Novice: 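The structure follows.
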Amino acid sequence: MRKKIVAGNWKMNTTVSEGVALAKAVVEKAGEVGKGVGLIVAPPFTHLVSVAEVLKGSKVALSAQNCADHVKGAYTGEVAVDMLKDAGCSWTILGHSERRQYYGETDEKLVEKVKLALEGGLGVILCVGENLDEREAGRHFDVVKQQVKAVLYNFSAEDMKNIVIAYEPVWAIGTGKTATAAQAEEIHALIRKTLAEKFGAELAEETTILYGGSCKPSNAKELFAEKDIDGGLIGGASLKAEDFIGIALAF
Ligand code: PGA
């Protein structure tokens, strides 16, 4: 049985004290969520140590939103995998469309980051997804397949056990415009097929694939009912504990 996960990507939101309060509220409600559903929160770097303290002993795991593409040294402004581990992270998000779009994150750089994250003992939530132009041109299948291959085909089946994929159509992120369950499912199925071609059907079946893009309590149930959708990567709705947990309760 593959793992079900609901992860909250706080992006560049909340002060440290607001983030600590949010984490406390999530921990308080986490008991309502079934044992089979993993919860992860990804606050900004500055919050990690304080939020880790709040999460200690709870079922909520800590993730970073990004990591450096080098181990250590003269890389001003970057945060290394070792530092994230030391701060209490067990995961990092990588390749979010906002990083690809605004910070020039390329597939080549992502291969390096995924490699370092796995070597350093972090699980990876790798984001993929087409933008609006690509969807309107009917290229969404090709784009997502290519993104999956360009990064993940550089890794082994063993590595894949610590990688979760998040399908996030860029046109659905923060827009209130969710992909329909059918639209999401057909891409999730394609991602699983793409994994099967390289790693075999069994590994593909075991891989957790999350949906992201305006996911909220009111639409989570329909999305999570699809056979290839194993949870969500939640942006806006993860900033309210009630909504975040409400989404996890959709399982
Ligand atoms: P959203 O963001 O839920 O606010 O659309 C999702 C994400 O970008 O991870």
Side-chain angles (χ1 to χ4, degrees), residues 4-14 18-19 22-23 26 37-45 47-48 51 60-67 89 91-105 110 113-114 117 123-132 134-135 140 143-144 147-148 151 163-181 183-185 187-188 191 208-224 226 229-251:
K4 294 181 168 70
I5 293 174
V6 175
N9 175 11
W10 296 3
K11 307 192 180 183
M12 198 173 72
N13 293 297
T14 74
E18 286 165 353
L22 175 56
V26 169
V37 183
L39 294 175
I40 300 173
V41 292
F45 289 137
H47 305 27
L48 292 173
V51 170
V60 187
L62 186 64
S63 176
Q65 299 174 14
N66 182 31
C67 73
C89 290
W91 292 89
T92 184
I93 297 171
L94 287 174
H96 191 281
S97 61
E98 288 150 17
R99 301 239 25 114
R100 293 179 191 254
Q101 196 180 343
Y102 308 138
Y103 302 100
E105 194 127 295
L110 281 169
K113 290 187 177 194
V114 172
V124 169
I125 302 173
L126 178 75
C127 304
V128 296
E130 82 285 358
N131 63 31
L132 187 60
E134 291 162 340
R135 176 156 286 260
H140 41 297
V143 167
V144 173
Q147 287 173 333
V148 170
V151 179
I163 298 175
V164 164
I165 299 169
Y167 168 57
E168 301 202 303
V170 178
W171 48 271
I173 295 177
T175 56
K177 211 169 140 186
T178 321
T180 64
Q183 279 174 325
E185 169 59 22
I187 301 282
H188 281 236
I191 293 171
T208 298
I209 308 176
L210 311 178
Y211 168 78
S214 300
C215 185
K216 37 188 187 269
S218 59
N219 58 29
K221 212 179 183 108
E222 201 188 336
L223 287 159
F224 297 174
E226 294 292 340
I229 302 182
D230 310 312
L233 179 56
I234 319 301
S238 72
L239 296 171
K240 276 202 189 136
E242 202 179 313
D243 289 350
F244 181 59
I245 295 296
I247 290 169
L249 289 175
F251 276 117

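Note that ligands are numbered from 1 as they come in the structure, with each ligand's atoms numbered from 1 the same way. The structure presented is a predicted model; accordingly, all values stated were derived computationally and were not measured. Just the heavy atoms: all of them, side chains too, but no hydrogens, waters or symmetry mates, feed the values below.
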Novice: Name the option, out of Lys11, Lys216, Lys177, Glu168, that contains the heavy atom nearest to atom 9 (O) of ligand 1.
Specialist: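 Ranked by closest heavy atom to atom 9 (O) of ligand 1, first place is Glu168.
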
Novice: Any heavy atom of Ala166 sitting closer than 4.0 Å to ligand 1?
Specialist: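 It does not, in that no heavy atom of Ala166 comes within the 4.0 Å cut-off of ligand 1.
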
Novice: What atoms in ligand 1 come closer than 4.0 Å to a heavy atom of Gly174?
Specialist: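 Those atoms are 1 (P), 4 (O), 5 (O).
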
Novice: Based purely on interatomic distance, does Gly213 place a nitrogen or oxygen under 3.5 Å from a nitrogen or oxygen of ligand 1?
Specialist: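 Looking only at distances, the answer is no, because the N/O contact criterion of under 3.5 Å is not met.
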
Novice: Would you mind listing which atoms of ligand 1 come within a distance below 4.0 Å of any non-hydrogen atom of Ala172?
Specialist: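 Here the atoms of ligand 1 in question are 5 (O).
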
Novice: Quick one: nearest non-hydrogen protein atom to atom 4 (O) of ligand 1, plus distance?
Specialist: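 Its nearest protein heavy-atom neighbour is Gly236 N, 2.8 Å.
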
Novice: Could you tell me which non-hydrogen atom of Cys127 sits nearest to which non-hydrogen atom of Arg100, and how far apart they are?
Specialist: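 That closest heavy-atom pairing would be O-NH2, 2.8 Å.
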
Novice: Could you tell me the residue and atom name of the protein heavy atom closest to atom 3 (O) of ligand 1, and the distance to it rounded to 0.1 Å?
Specialist: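 Checked against all protein heavy atoms, atom 3 (O) of ligand 1 sits closest to Gly235 N, 2.9 Å.
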
Novice: Ignoring hydrogens and geometry, is there a side-chain-to-backbone donor-acceptor pair from Tyr211 to Ala179 under 3.5 Å?
Specialist: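 Present.
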
Novice: Between Gln65 (side chain only) and Ala42 (backbone N and O only), is there a donor and an acceptor less than 3.5 Å apart?
Specialist: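 Checked: pair present.
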
Novice: So is Gly212 close enough to ligand 1, meaning a heavy atom under 4.0 angstrom away?
Specialist: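 Contact absent.
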
Novice: Look at the side chain of His140 and the backbone N and O of Leu132, then say whether any donor-acceptor pair between them is shorter than 3.5 Å.
Specialist: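 Looks like no, no N/O pair under 3.5 Å.
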
Novice: So, the side chain of Glu134 versus the backbone of Asn131: is there a donor-acceptor pair under 3.5 Å, distance only?
Specialist: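 Between the backbone of Asn131 and the side chain of Glu134 there is a qualifying donor-acceptor contact (under 3.5 Å).
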
Novice: With no hydrogens and no angle check, is any side-chain donor or acceptor of Ser214 less than 3.5 Å from a backbone partner on Gly176?
Specialist: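 Looks like yes, one N/O pair under 3.5 Å.
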
Novice: Under 4.0 Å from a heavy atom of His96: give me the atoms of ligand 1 that qualify, with their elements.
Specialist: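 Near His96, the atoms of ligand 1 are 7 (C), 8 (O), 9 (O).
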
Novice: Should Ser214 be counted as touching ligand 1, given the test is an N or O pair under 3.5 Å?
Specialist: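 Yes, Ser214 has an N/O under 3.5 Å of an N/O on ligand 1.
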
Novice: Is there a donor-acceptor contact under 3.5 Å from the side chain of Gln183 to the main chain of Thr180?
Specialist: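 Looks like yes, one N/O pair under 3.5 Å.
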
Novice: List every atom of ligand 1 that sits less than 4.0 Å from any heavy atom of Asn9, numbering the atoms from 1 in the order shown and giving each element.
Specialist: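 Near Asn9, meaning under 4.0 Å from one of its heavy atoms, ligand 1 has 9 (O).
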
Novice: Hey, is the main chain of Ile234 close enough, under 3.5 Å, to the side chain of Asn9 for a donor-acceptor pair?
Specialist: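 Flag not set: sc Asn9 to bb Ile234 has no pair under 3.5 Å.
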
